[in-house]
Each structure stands twice: as C-alpha cells, then as structure tokens.
Participant: 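To start, I am sharing the structure in question, which I have written as structure tokens.
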Number of protein chains: 2
Amino acid sequence: MITIQQLSQELGIGVDTLRVWERRFGFPTPERNTRGHRLYPPAQIDDLRIIKKLQNLGHRPKQLFALTAAERRALLNQQHVDDRHHDLQQLVTTVAAAQLDKELRTQLQQRGIEAFILEFAVPLLEVMDRGWLTGKLSIAREHLLSDCLATILKEQLVPRAYGPRIVFTTLSGERHKLGLLLSAVLFHQQGCDCHLVMEELPVAEVLSIVDFFAADAVALSFSIQIAPRQAKRDLAWLRKGLPSHIKMIAGGFALRNGMHLPGISVCTDLGQISSLCAREFPDLNLQKPTG
Amino acid sequence: MITIQQLSQELGIGVDTLRVWERRFGFPTPERNTRGHRLYPPAQIDDLRIIKKLQNLGHRPKQLFALTAAERRALLNQQHVDDRHHDLQQLVTTVAAAQLDKELRTQLQQRGIEAFILEFAVPLLEVMDRGWLTGKLSIAREHLLSDCLATILKEQLVPRAYGPRIVFTTLSGERHKLGLLLSAVLFHQQGCDCHLVMEELPVAEVLSIVDFFAADAVALSFSIQIAPRQAKRDLAWLRKGLPSHIKMIAGGFALRNGMHLPGISVCTDLGQISSLCAREFPDLNLQKPTG
DNA sequence: ATCATATTTTGTCCTAGACAATAAGATAGT
DNA sequence: ACTATCTTATTGTCTAGGACAAAATATGAT
C-alpha cells in the first residue's frame, strides 16, 4: 500500500495524471486511509506498470483502459521481441556477468568504434528496451548491461585539444543516459571535444556548465519517457538563455515527431550524426580529413 | 519566465509547496498567462533559490518570508564558511582542474583510504556543500570536483570474494550520490563486498536488484534535500518488501533527528561505520583480524 | 496518396480547504 | 541549570472537480 506520490515516482507518471485517469477511466481504484488519501494496493501497481509499458510501446490510454487487467497482460506478452537480433537477445538475457565485459570489448575491437555503436550498441539498446518493456529482462540485469557498456564507452572519450567543444547532458527527470553516451562517442569520433555530464541537470545549471567548459555547443537527450511538451518547453527556454553563438543539439525519441525549434539541431537517429557534424562544424574536415 | 513544473524541478520544491507558499506568505507572486497559469520571472526564481538554500542551512520558511529579498540575500552572504578548513577551501575554489586529480591522489596515498575519507573527503564535502549554499562555489566546479573524487573512490571498490555483500544505492529524487560512495568505500574497507548502483531507483527496483546480487544487506543514503517524512515512508515500505534476513542500513542528513525504524540500522555519521559493521556483521573480524 | 481541417484524447494547471507530521515554545520535575 | 513532557504553531502534502491547450486521430478535399 503506497501513497500517490510514491506511486508517481515509481512509475514516472505525474500525480495529476494518476488522479485524472481515475476520474475518467475508473481505474485505478485505490483504497483510502482515514484522511481520504489514496492508498494503492500492489495488484493495481503491477497493473499500472503494465499500462505504462504498453503506453511506451505506442498504445494509447483510452484503448488500454477499455481492456481488462488480464487482456492488458496478454497484450504485453503478445508484443514480440524483434527476432532479427537473435544473437543480441542471447547476449542480453543469458551471457554471464563476468563474460559480458570481455564479449563487448571483443565486439568493439572487431568492428571499430563507429560500427560498434551503430551496428551493435544501438540494436542492443533496442533489444534491451524491448526486453524490459515486455518483462523478459530483469531491471537488475538491465542495470548490469548498461553499466558495463557505459564503462567501455566512457573510455573512448579521451580529451581532445582541438575541435569544437560540446557538453553532453540530460535534464531533470531523464532517467535514460545511455543514448546520450552513444551520441557523445559518435561526435567524439567525428573529431569533436566531447565532455560528458551524466546527470539530470536543472536547466539553469546547464547554462552554468556550458559557460564553465567554454563549450561551443551543448547536446541534450530526451527519451520516450519525457513528454514532448516538456522537452519543447525546456529546449526553448534553454535556447533563450544561451548566447546565440553556442549551438544546441537535441536528440532522442521524445522528439521523433518533427519538431522545428529555431536555432536547435534536432537529430533523432544516431546515423545522422556525421552529416549533422559536417553541417554544423564545417571546418572539422580540415583538421581531420579522414572522416 | 518558466512554468510551475519547471520551477519545481529547478529548485527541488514540490508544486504544491510553491502554491501554498504563495497563498500563505504572499510570495512568490508569479505573473499569469492567458490561461491563468503561473509564470515565474527570473528575479523571483533567484530569490526562491536563495530561500531554498537558507532553508537547507536550517532557517524556517516563516522567518525567511518575513524578510525582504535584500535581507535574505544579506543573510546568505553573512553565513560564514567554516574557516577551520582554509586549505580545503583553496582546493575547492582555486586549484586548477588538471591538478585536482593529482592533488586528491596524493592526499589518498599520504593518509590511507580510511583517513582520506574521514579526515579529508568528509570535510571537503562539507566545505563544498557550504560553498555552494552560500554561492561561493559555482555549480560547474562542484560537478568537476564531485566527478574527480567519485572516479578515484570507485577505483577502491575492487570486488571481494568473501565478506557480507551489500548493495549501495539511492531512491528516486535523491540528487546527492557522493555520501553514498564514501560510505560504500568505508564498508568495503571494513571487509564487506560492496556493490554500487549510483542511480535514483524506484523502491520496487531496489528489491529486484538486491535479489539479483544475492546481497546480504542494502544501504541507502538520504541527503538533506529529501523530506524526512518521505525517507521514513520509503524505508518502511522497503523493509516490509524485503525478506527479513536482509539487513537494511540507512544514512544521511535527512535522518539526523533520531529515527527509530524497526529492523533498520540508522547511521548519520560516517565515523560510526566501523562500529556498525562490528555490530551487524560480527563474523567480519574472523576473516579480517587487522580491522 | 497527400495535405489541410475538424474532432477527440490527453496531460497539466487551477482554486481553496483540510489535516497529520514536525518543530518550537512552555511548563514541570530532577 | 538542565532534561523530560505537554501544548501550540508551522509546514508540506493531499483532496475535489473544473478548465483548456497541445498532441493524436479522424475526416474531407485536392
């Protein structure tokens, strides 16, 4: 039995949203304490967790609440994991923790950094996301994998004395920081001097940090869990707060639906990074002709 | 001009709290858009930031709102930084980024891990906290220092094949993860097998992770920014959800006012860790007689 | 099929009142 | 003078039901 605030943190759903769902759809139906405050029983929490996952998979609340709890559960099980990457699934679900690091490093050496990210890490993340959503991957294992991958990728970010300096970070509320890391390494590979601040920063702190690093650009990542509205608001605010000579780069699934913000380069596909780099930092080629 | 939600994230103050302050104290007095929604101007945001800092320094809202903005600013400037640690202040504010790592490592080698933490890192954190609160330390520099210290400390956490296994983590909303890291290293030094998950986890995920690691105990850190109420609720909930044979250890300033939760060891001072270890894991001495 | 327009859906914000948990102040007892 | 218990004040979180713009979907026209 948890309070509405705890539930909100647990699921990453706003308190207001939880209440309005109850009003509109008649679910959840929490019990009440003597004060009349909501107390959510475990069964409903589990159900809401499924709803949230299905929502992230593209289903809309109206449809989901029209189903019974059992139907929703069935719908989630029915979501198939992409089976093109059968080898990746094995890696994700079965390879032992101790071998994981070695396996990842082997892949990195075989493919080279760029291909490792685009052809291996990106699909890996997709399989992981999907595995987590469909309940086939434990949270703990996901953390283990993320950690392992993050350690290896961070090693690639050796400082550069030349090239445009870019600060990579995420804003408050953003739990997924791996996409940011992947993009940072790709920009680094293109010859940029990338600085990673893997924390959830309030927008005001971003200004301070960009200034401190004397960065030429700031890159931000917005995962699907962030409401597009919020991403838009924060990006617009940040653009107004930053000097105009500092470029802004934004990416992530929250921006997938064409978003045109003046003075901000939006990039929803990691494959576009090299062309984005060429566009935004044209003098890069001079310094590093073998792009 | 930012919305109430953005302001809430920016300051770490609840949306409801911001509204109730306005109702009770007549401040802040945000403008409104055409919908009647609050829009906070920059000057008031700065003032609220000062209020939040003073609140963290122990002042109460009632008193603070009775003052003018200028008086609050004066009060904050008047808060003196502890001058016993003058050398630390220099380190914090003036030592160059490149030398920082070297300086910290020198200190570590001279003092040994335990003394480095208790006699150097802890005061350092205090000076940093205070420096940030009183505006004498930029956010960016604070990040740089934290990062540098974290990197060095993490290296100390080499896995152990023996000793009680403890998972260290923080719950959703906890921004300060450095205290957790310090305690993890101290426990490690006492002979425990410490695993660090430096993320803000929902309570349900903590259960999953403790299970995954097959841990004997879980340690949680609650900084001053967390409301004691919330810490209490989460700890109680977690205790109920965890098997009784798994120990719980909680620490941090949010628990400073004697909190007695059944089945949870509370430790608000890092100096107590060795005795806490002796109490909770009595067979440690047998494996590592030179404590 | 592609684009512009109408409709539904959805999340966030509003007001004003309530109350328990916490902290502070007051009183009594060693 | 100092600690323990009681009383009062302060503070944060929760409630209800209404409102509306932004996003998503359906409809119609080219």
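In what follows, every chain begins at residue 1, and chains take the letters A, B, ... in the order their sequences are listed. From a predicted model like this one, the values you see are computed outputs, not experimental measurements.
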Participant: Identify, with sequence neighbours excluded, every residue that meets ring pair (Phe, Tyr, Trp, His ring centres under 6.0 Å) alongside B:Phe27.
Facilitator: none
Participant: Expressed in angstrom and rounded to an integer, what is the separation of B:Asp234 atom CG from C:dA21 atom P?
Facilitator: 16 Å
Participant: Measure CG/A:Asn33 against P/C:dA20 and give the value in whole Å, please.
Facilitator: 9 Å
Participant: Okay, side chain of A:Gln44, backbone of A:Thr29: is any donor-acceptor separation there less than 3.5 Å?
Facilitator: yes
Participant: Sugar-phosphate atoms are those with a prime plus P, OP1 and OP2; base atoms are the rest. Using that split, label each nucleotide of nucleotides 7-14 of chain C B, S or - for protein heavy atoms under 4.0 Å, 5' to 3'.
Facilitator: --SBBBBS
Participant: Would you kindly give the CG-to-C1' distance between A:Leu18 and D:dT15, to the nearest whole Å?
Facilitator: 14 Å
Participant: Would you say A:Glu174 and A:Ser223 are linked by a side-chain donor-acceptor pair, where the criterion is simply a distance under 3.5 Å?
Facilitator: yes
Participant: Take the protein atom CG of B:Leu64 and the nucleotide atom C1' of D:dT10, then report the distance between them rounded to whole Å.
Facilitator: 13 Å
Participant: Looking only at the side chains, is there a donor atom on one of B:Gln225 and B:Asn56 sitting less than 3.5 Å from an acceptor on the other?
Facilitator: no
Participant: With B:Arg38, which of B:Glu22, B:Glu31, B:Gln5 fulfils side chain to side chain donor-acceptor pair (under 3.5 Å)?
Facilitator: B:Glu22
Participant: Are A:Ser265 and A:Glu280 linked by a side-chain donor-acceptor pair shorter than 3.5 Å?
Facilitator: yes
